[in-house]
Colleague: 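Let me give you the structure first, and then I'll get to my questions.
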Amino acid sequence: MKRALLIGVGSYASEALPDLDSPASDLKDWARLLRDPGLGAFDDVRPSLDGDSHTAQVTLYDFLTSADPHDFLLVYYSGHGRLHDDHRLYLTASDTDPERLPPTAVPTDELRHWIDECRASELVLILDCCHAGAIGDLKQRGDRSRIVVVSAGATELAHEGDGHKQHALPSAFSGPFLEGLRTGAADRDGNGIISVREAFEYAAVRMVGRERRQTPQMRAAGVGDLILSNAPRRPELIPGDLLALTRNGLASARVLAVDELSNWAYGNQRTREQLVAAFETLEALERDPAERVAARARQALTGRLRVARAEMEDEPELEPPGDPDWPAGSTFYEVNVRFFYDSDGDGHGDLRGITEKLDYLRRLGVDCLLLNPVMASPSPGEGRAASDFEAIDEGLGQPSHLLELLSLAHRQGLRVVLDLVLNHTSDQHPWFQASRSEPEGPYGNFYVWSDAGDGYAEADEPLGSHGAGWTFDGRRRQYYWHRYGRHEPDLNYDAPEVRAAIRDVMEFWLRQGVDGLRLLTVPYLFERSGTPSKGLDETHRYLRELRSWLDSRYPNRIIIGWSEDWPQAADAYFGTADQPECHLVMYASLMPSLLLAMRRETHRPVSQVLAQMRDQPDGRHWAVFLRNGEEMSLGLLPEREREELLHTYAPLARMRGATGIRRRTASLLNDDRGQLELAFALLLSMPGVPVLYYGDEIGMGENLSLPGHLAINTPMQWAPDRNGGFSMAQPENLPAPLIHESIYGYMAVNVENQLRSRSSLLHVIEKLIETRHAWSAFSRPGCRVVRSTNPAVLAFLRGERGDEVLCLFNFSKYPQTTTLTLSSHAGRRPRELMGGAEFPEVRESGEYDLGLAGHGFFWLSLAVEAAPSPAGAPVTQ
């Protein structure tokens, strides 16, 4: 049997031994990994937390002396280690007295003796404590194999992980050791199993260069290594031996590979992802330089596999389970895939990179991934103009990689929504090329053509359109209309064929299993002379048709509308109760309003936005965000306010773009933690669905030396390692240079550093999201502004009567007091949501006095009865 004893001590009676947060986290994480049948596969795992010295000694003795000869034992200890007489190591317990170590702690001399006498054939001892290296060596006895791993040398201190009781992290040693096992990164030889030495070496390398000196050691007696765990099994799209055969240098071997792959794909029990991967591989072999290989691949794809492929494409993806109103209470995370994580070392982020970081996203607490355009697009379009609506852009991955991401994300409770640009295509799209060359052909009317090119003079130019108007096409000898750049011709939505074709595009992606689509540029689908050609009745009529079709065919999927406007204008894209349009609607005016509020130290700009956010019935939600991957447009603001924001937040010319400011959230707020925390607390408490942009949760900045939107789309900063942990490629192969400057550079600002710091912005945002999930008031519609006597303090109520949360924000940099009017809450005693502190009772008059720190905020429960305490909220490990 594989048996494990895990001993952790974090609470101590003696004041001379400080309490530790990591042992509880260590035991929980070790137990989870060892019990996992796909990883440790241990038969018996016994955690023991905060026991006294007698209990610890009896437990260790019984565990070791009861072993059978064929057992594999693992003993792990996390706690304080203390030296007696400067050389004898004792493991402390909850009742240990540092002045009386021999009778109140576990002597490792005795522990070594018990291990020497243990009958188990294989045993691993891991000591994660100060001075662990002082334990000494184990004896060699017959064919018994023993390995000792210590987290620090005999004269060194071992360090626990950062965090606190609610967010404790594994220790400085157990963290990377477990990471190597859990992720499979320690499996250096790729054989699917991880030995003690592989896991140890992975952890040791990860600990090099840390600020606190701590050198782990490994000692073996009777064996060079022992198998500790299986590597996590990644879903295998195509068997490894078969894939290797397709890459063989011999053409005859590749011909055999085509036959074997065809037989394998034709077999039963193949998943959708596996079939797509097989077709992708055969299509690659169709282009093989050896003609006989290419011919055999063509034959396979046009033979019996053609039927299997047709059946797969005709069969819609099963509808995911759950409430059709699943966005309620969700938090979205917007990702620019090319800049998030590179899984294959080519220098560009990809879909598999998203898949490999799902654990991080789950830890952050988000519920849905919003992927910026992944459709094939030429580089000038920056992904915003498709050259093929039903293909994935080069470098981002293959269709099977998207299916793999969707499958694993859904298994982990995450949804995935894709961006779809509706208004136009690239001029490289086959539709446009056909429209140019065959005006009378099937695609001749797919775009907006004109002989004179002089219509739509009153058309409203979208923010950042970069040259709306007419461009002459020499081939067709006509002008085509483009609302954006000349490489982005507008589709002609007056043509029924176009409307049907776009619906087919939507169905293509929904059939893959995506949970929804964000419809970008949706206000500009139709043009009419004498009007701004924005948000016309025809547009809303088409959206109602799409919504009706979606509800009947894919009832659990959503469409998100995007309107570069104030909420009162964007509201139209919800439709009506009888004729709904979009499930979620985004508008572009929150961040400029927030900056104005910070600048003027008054809540009025933000409260005006809130006042425009009309309450929506069930199934419809506002989607609110601070920043995204484009410059922050100021086109909606009066000129005086635009100049005020530019002067304050973009004083240098290189900080400005064509329509606004090209800076990220952290740099806009001068990396001021108070303002940043207030901004994210406001975002996560507003009515609707909050959308975070990748990297904002760690306070990433921008690279102003890069042109256009690229300045705010730099590689995600994961670690203070090569390329910020984003990619193993050469730096010149990255999609954009990393930020190197000291304030926002990847050495200072990265996920790894912030996971280790209990006070980091990342931990604050994790806690805010966790709290938001724990309180149902945030998932309900509606927001009622509360009268505040101080113009710097914004107060509003979320939730329903009797179960409300009061949210307060101080937009001044100085402490402020205010009196609120809470007439309907007299007698209630507000309770702070994250810390649980009780506030004074609301007076009978309803007036309530409060003070807030500079840029401070409060989330206070006003529930009639006690709502869930923070201890009952989900705990992030």
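Keep in mind that the numbers below use all heavy atoms, side chains included, and drop hydrogens, waters and symmetry copies.
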Colleague: So, using side-chain contact (heavy atoms from CB on, under 4.5 Å) as the criterion, who are the partners of Thr819 when residues are at least two apart?
Modeller: Thr789, Glu847, Asp849
Colleague: Pair Glu766, His763 - check side chain to side chain donor-acceptor pair (under 3.5 Å), show working.
Modeller: CA-CA 5 Å; Glu766 281 180 354; His763 278 311; 3.2 Å; yes
Colleague: Is it the case that the side chain of Arg798 and the backbone of Met686 share a donor-acceptor pair, with hydrogens and angles ignored and the cut-off at 3.5 Å?
Modeller: yes
Colleague: Nearest heavy-atom pair of Asp672 and Gln675: which atoms, and what distance?
Modeller: OD1-N, 2.9 Å
Colleague: Parallel under 30°, tilted from 30 to 60°, perpendicular over 60°: which one fits the rings of Trp859 and Phe778?
Modeller: tilted
Colleague: Within the 4.5 Å heavy-atom criterion, are Leu850 and Leu860 side-chain neighbours or not?
Modeller: yes
Colleague: Who passes side-chain contact (heavy atoms from CB on, under 4.5 Å) against Asn670, sequence neighbours left out?
Modeller: none
Colleague: List for me each residue that meets side-chain contact (heavy atoms from CB on, under 4.5 Å) alongside Gln608, sequence neighbours excluded, and say none if there are none.
Modeller: Arg604
Colleague: Going by the angle between their ring planes, with limits at 30° and 60°, are Trp718 and Tyr341 parallel, tilted or perpendicular?
Modeller: perpendicular
Colleague: For the residue pair Pro373 and Val421, what are the closest heavy atoms and their distance?
Modeller: CG-CG2, 4.4 Å
Colleague: Does one side chain, of Ser667 or Glu702, offer a donor that lies under 3.5 Å from an acceptor on the other?
Modeller: yes
Colleague: Might you point out which heavy atoms bring Gln612 and Pro567 nearest each other, and give the distance in Å?
Modeller: OE1-CD, 3.4 Å
Colleague: For Met591 and Arg627: C-alpha separation, side-chain torsions, deciding distance, then whether side chain to side chain contact (heavy atoms under 4.5 Å, CB included) applies.
Modeller: CA-CA 7 Å; Met591 190 68 186; Arg627 292 295 292 112; 3.9 Å; yes
Colleague: Given side chain to side chain contact (heavy atoms under 4.5 Å, CB included), test Val609 with Trp566 step by step and report yes or no.
Modeller: CA-CA 8 Å; Val609 172; Trp566 296 95; 3.9 Å; yes
Colleague: Does Glu732, at its CD atom, have more than 12 non-hydrogen atoms belonging to other residues, nucleotides or ligands within less than 6.0 Å?
Modeller: yes
Colleague: Apply side chain to side chain donor-acceptor pair (under 3.5 Å) to the pair Asn790 and Ser788, showing each step before the final yes or no.
Modeller: CA-CA 5 Å; Asn790 189 328; Ser788 165; 5.9 Å; no
Colleague: Test: ring-ring contact (aromatic ring centres under 6.0 Å, His included). Region: residues 720-755. Which pairs qualify, not counting sequence neighbours?
Modeller: His740-Tyr746
Colleague: I'd like to know if the side chain of Thr665 pairs up with that of Asp696 as donor and acceptor (distance under 3.5 Å, no hydrogens or angles considered).
Modeller: yes
Colleague: So Asp419 and Leu370, side chain to side chain contact (heavy atoms under 4.5 Å, CB included) or not? Walk me through it.
Modeller: CA-CA 7 Å; Asp419 273 343; Leu370 173 57; 3.7 Å; yes
Colleague: Which atoms form the tightest heavy-atom contact between Leu710 and Leu706, and what is the distance?
Modeller: O-CD1, 3.7 Å
Colleague: Please report the shortest heavy-atom distance between Leu704 and Arg662, naming the atom on each side.
Modeller: O-NH2, 2.9 Å
Colleague: Would a 4.5 Å heavy-atom cut-off, applied to side chains only, mark Leu610 and Leu794 as touching?
Modeller: yes
Colleague: Could you tell me whether the side chain of Gln717 reaches within less than 4.5 Å of the side chain of Met700, counting heavy atoms only?
Modeller: yes
Colleague: Between Tyr333 and Arg362, is there a cation-pi geometry (under 6.0 Å to ring centre, at most 45° from the normal)?
Modeller: no
Colleague: With heavy-atom distances below 4.5 Å as the criterion, would you say the side chains of Arg673 and Val764 are in contact?
Modeller: yes
Colleague: Please examine the side chains of Asn372 and Glu334, heavy atoms only from C-beta on, and report whether any two atoms are closer than 4.5 Å.
Modeller: yes
Colleague: The criterion is side-chain contact (heavy atoms from CB on, under 4.5 Å); which residues satisfy it with Asp615, sequence neighbours excluded?
Modeller: none
Colleague: Which pairs count as ring-ring contact (aromatic ring centres under 6.0 Å, His included) when at least one residue sits in residues 630-683, sequence neighbours excluded?
Modeller: none
Colleague: Does any part of the side chain of Leu682, heavy atoms only, come nearer than 4.5 Å to the side chain of Phe857, both counted from C-beta?
Modeller: no
Colleague: Are the side chains of Leu738 and Thr714 in touch, meaning some heavy atoms are under 4.5 Å apart?
Modeller: no
Colleague: List the steps, then state whether side chain to side chain contact (heavy atoms under 4.5 Å, CB included) holds for Glu601 with Lys813.
Modeller: CA-CA 8 Å; Glu601 300 192 10; Lys813 58 179 172 290; 2.8 Å; yes
Colleague: Are the side chains of Glu697 and Gln754 in touch, meaning some heavy atoms are under 4.5 Å apart?
Modeller: no
Colleague: Could you give me the CA-CA distance, side-chain angles and deciding distance for Thr521 and Asn423, then say whether side chain to side chain donor-acceptor pair (under 3.5 Å) is met?
Modeller: CA-CA 6 Å; Thr521 66; Asn423 175 74; 5.0 Å; no
